[in-house]
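Notes to accompany the following structure.
Only this structure's heavy atoms are used, side chains among them; waters, hydrogens and symmetry mates stay out. Note on naming: letters A, B, ... go to the chains in the order of the sequence lines (proteins, then strands), and numbering restarts at 1 for each one.
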Amino acid sequence: MSEKPGDIRSQRIEKIEKMRESGINPYPNRYERKDRIADVVAAFDETKPVKVAVAGRIKSKRVMGKASFGNVEDFSGSIQFYAARDIMGEEEYALYKTHDLGDHVGVEGETFLTQKGEISIKVKKLVLLSKCIQPLPVVKEKDGQVFDEFSDTELKYRHRYVDLIVNQKTRKDFLMRSKIVSGIRRFLEENDFLEVETPMMHSVVSGAAARPFVTYHNTLDMELFLRIAPELYLKRLIVGGFERVFEMNRNFRNEGIDTRHNPEFTMVEIYQAYADYNDMMDLTERLFTTLAEQFFGTTDIPYQGETLSLKGPWRRVRFVDAIKEVTGIDFSAIKSPAEAVSAARKIGLEVDESMGIWKIADEVLGERVEKTFQNPTFLTDYPKELSPLSKSFEDNPDYVERFELFIAGREMANAFTELNDPFDQKERFEGQSKMRDEGDAEAMMIDDDYITALEYGLPPTGGLGIGIDRLIMLFVDTASIKDTILFPLLRPDGQQDI
RNA sequence: GAGGCGCUAGCUCAGUCGGUAGAGCAACUGCCUUUUAAGCAGUGGGUCCGGGGUUCGAUCCCCCGGCGCCUCACCA
């Protein structure tokens, strides 16, 4: 009788209308759920049937006339139920038969084992808790093989809730993300780090090389930038006497989107007074191996068809040595940009003199070297020019005490001995500011207050940043960062959903 | 931002060398009281991403646009 007969949504709306007419509320306010499904399954004893009341979504339904099997699923798991007219009563059973896949129901009854040996609930009473009027994709499974998986990437990201309802792998991956994030927090807390929250809206763009999102505060009548990194605030806290701090939260960078980049991404930044970049390497290594052992029981983890060994100690190789090893180019011996250009061109890279020696070196590294680091590798001792916030070696001012960690060819972490010399920092800021004036949109701005903070004295400090989304990619074995972010940024599709 | 690929039923996908479309699952109707990718019989369901062009006729060919994916560039 609907306007569009055959349309599943209209059919279900009709069902709702009928229920309302007969005084049944398809969206009741409350249900006394007494048991979690996983607990019911775990506690099952064939010789001792127990009364249970579970709640969840109907995930499957197999009706055989006057009796029926189905599965309800809650967050903890899934269980089969057996609904029979003789037990439920004719009216209740008829109503149950109108319920659809995706409906939330409360199921009460006694546990029993079917002839085929499946733990089930013999339904005494089944009540609708929330009607699902949208047709769910039907994903079936047998012997671990998944049929008709809901696989349209666009729909998965746009309607993540549907993805979570029907695809077990998605649910598992995000559960894993949650657990890893809390594992990281636990690890840091156990190591006496204090979690802090610093501003997300900055008036100065600094702390990393990236283009910011710009926003505006009405009352103050000023431009603000969404933070690209919390770094400078966290170091202010070290100045303030918090010796070990971390912040695990979102950064925003107005850059491209691809399998490794989302404009908002999660980063943990960690600062430790009286430590240097070597201590940060140890900390990083311990964190990763602790997580691997916790979640896999081993440091060998599968990733995209390969096995990565996270077992320490990890390889440490100097920036210039790594480039030399892979390409034969020794940047420590190169004296002029022209020389660097010709070396880079020899291996087929497009660069020009204005980049300077070290940006060219960085280009060579990114193009030819990084992908060779499959197992964890600390790339250390960066050139000063590429690192405006890191401290130089006492005996070699051209290089800084910094490392980046690569796993599976991807940058996973960045750390250094923090530059705490206010005079040096001021000079570096001025250099950045000049680059900015010359059109480098990613160069930092001068943060005068930060210089003032340094003038109060930042103790020798090690700092470390780890990209959480990328770490998760590793642990849930996915090739795209979007599979680790519940709601990745997409363009609006311009269509009305539904 | 550039190039390549894709977009067909609620989902997963066929297909039309240009004559306005089909399967499986889901839905609806009937049968079925131990099924589990339940089964059997029948039915309905589509602006074939949008707009324009070519054509007697376009879902298909051409152009423009939208969204997604992949590769590249920037970046973590």
With a 4.0 Å cutoff (strictly under), does any side-chain N or O of R470(A) reach OP1 or OP2 of rA76(B)? no
Can you check the E442(A) CD to rA76(B) C1' distance for me, whole Å? 11 Å
Can you check the N254(A) CG to rA76(B) P distance for me, whole Å? 14 Å
Measure the distance from NZ on K59(A) to C1' on rA26(B) and round it to the nearest whole Å. 14 Å
What does the list of N/O pairs under 3.5 Å between the protein and nucleotides 31-37 of chain B look like, with a distance for each?
{"residue": "rC32(B)", "atom": "N3", "partner": "G65(A)", "partner atom": "N", "Å": "3.0"}
{"residue": "rC32(B)", "atom": "N4", "partner": "G65(A)", "partner atom": "N", "Å": "3.1"}
{"residue": "rU33(B)", "atom": "OP2", "partner": "K66(A)", "partner atom": "N", "Å": "3.3"}
{"residue": "rU33(B)", "atom": "O2", "partner": "Y82(A)", "partner atom": "OH", "Å": "3.0"}
{"residue": "rU33(B)", "atom": "N3", "partner": "D86(A)", "partner atom": "OD2", "Å": "3.0"}
{"residue": "rU33(B)", "atom": "O4", "partner": "D86(A)", "partner atom": "OD1", "Å": "2.3"}
{"residue": "rU33(B)", "atom": "O4", "partner": "D86(A)", "partner atom": "OD2", "Å": "2.1"}
{"residue": "rU34(B)", "atom": "O2'", "partner": "Q115(A)", "partner atom": "OE1", "Å": "2.3"}
{"residue": "rU34(B)", "atom": "O2", "partner": "Q115(A)", "partner atom": "N", "Å": "3.0"}
{"residue": "rU35(B)", "atom": "OP2", "partner": "K116(A)", "partner atom": "NZ", "Å": "2.3"}
{"residue": "rU35(B)", "atom": "O2", "partner": "R62(A)", "partner atom": "NE", "Å": "2.8"}
{"residue": "rU35(B)", "atom": "O2", "partner": "R62(A)", "partner atom": "NH2", "Å": "3.2"}
{"residue": "rU35(B)", "atom": "O2", "partner": "Q80(A)", "partner atom": "OE1", "Å": "3.1"}
{"residue": "rU35(B)", "atom": "N3", "partner": "Q80(A)", "partner atom": "OE1", "Å": "2.8"}
{"residue": "rU35(B)", "atom": "N3", "partner": "Q80(A)", "partner atom": "NE2", "Å": "3.1"}
{"residue": "rU35(B)", "atom": "O4", "partner": "Q80(A)", "partner atom": "NE2", "Å": "2.9"}
{"residue": "rU35(B)", "atom": "O4", "partner": "T114(A)", "partner atom": "OG1", "Å": "2.8"}
{"residue": "rU36(B)", "atom": "O4'", "partner": "R62(A)", "partner atom": "NE", "Å": "3.1"}
{"residue": "rU36(B)", "atom": "O2", "partner": "Q80(A)", "partner atom": "OE1", "Å": "3.4"}
{"residue": "rU36(B)", "atom": "O2", "partner": "E118(A)", "partner atom": "OE1", "Å": "2.9"}
{"residue": "rU36(B)", "atom": "N3", "partner": "E118(A)", "partner atom": "OE1", "Å": "2.5"}
{"residue": "rA37(B)", "atom": "O3'", "partner": "K140(A)", "partner atom": "NZ", "Å": "3.4"}

For rC74(B), does the base pair up with any side-chain atom of D258(A) as donor and acceptor (N or O, under 3.5 Å, distance only)? yes
Need one value for G256(A): base, sugar-phosphate or nothing, where a base atom within 4.0 Å counts as base even if backbone is also close, heavy atoms only. base
Identify which one of K131(A), K61(A), R57(A) satisfies the salt bridge (Lys or Arg N to Asp or Glu O under 4.0 Å) criterion when paired with D100(A). K131(A)
Quote, to the nearest angstrom, the P distance that separates rA21(B) from rA58(B). 13 Å
Hey, which of these two, E149(A) or E264(A), hits RNA chain B nearer its 5' end, going by closest nucleotide? E149(A)
Proximity to the side chain of Y157(A) - top-ranked nucleotide from rC28(B), rC69(B), rA76(B): rC69(B)
Under a 3.5 Å cutoff on both atom distances, Watson-Crick or G-U, what's the dot-bracket for RNA chain B ([ ] crossing, | other strand)? (((((((..((((.....[..)))).(((((.......))))).....(((((..]....))))))))))))....
Among rC11(B), rA76(B), rG10(B), the one nearest any side-chain atom of V138(A) is rG10(B)
Rounding to a whole Å, what distance do you find between L155(A):CG and rU12(B):C1'? 12 Å
With nearest nucleotides of RNA chain B determined for L490(A) and R211(A) from heavy-atom distances, which residue corresponds to the more 5′ nucleotide? L490(A)
N-O pairing of R160(A) and D163(A) below 4.0 Å: yes
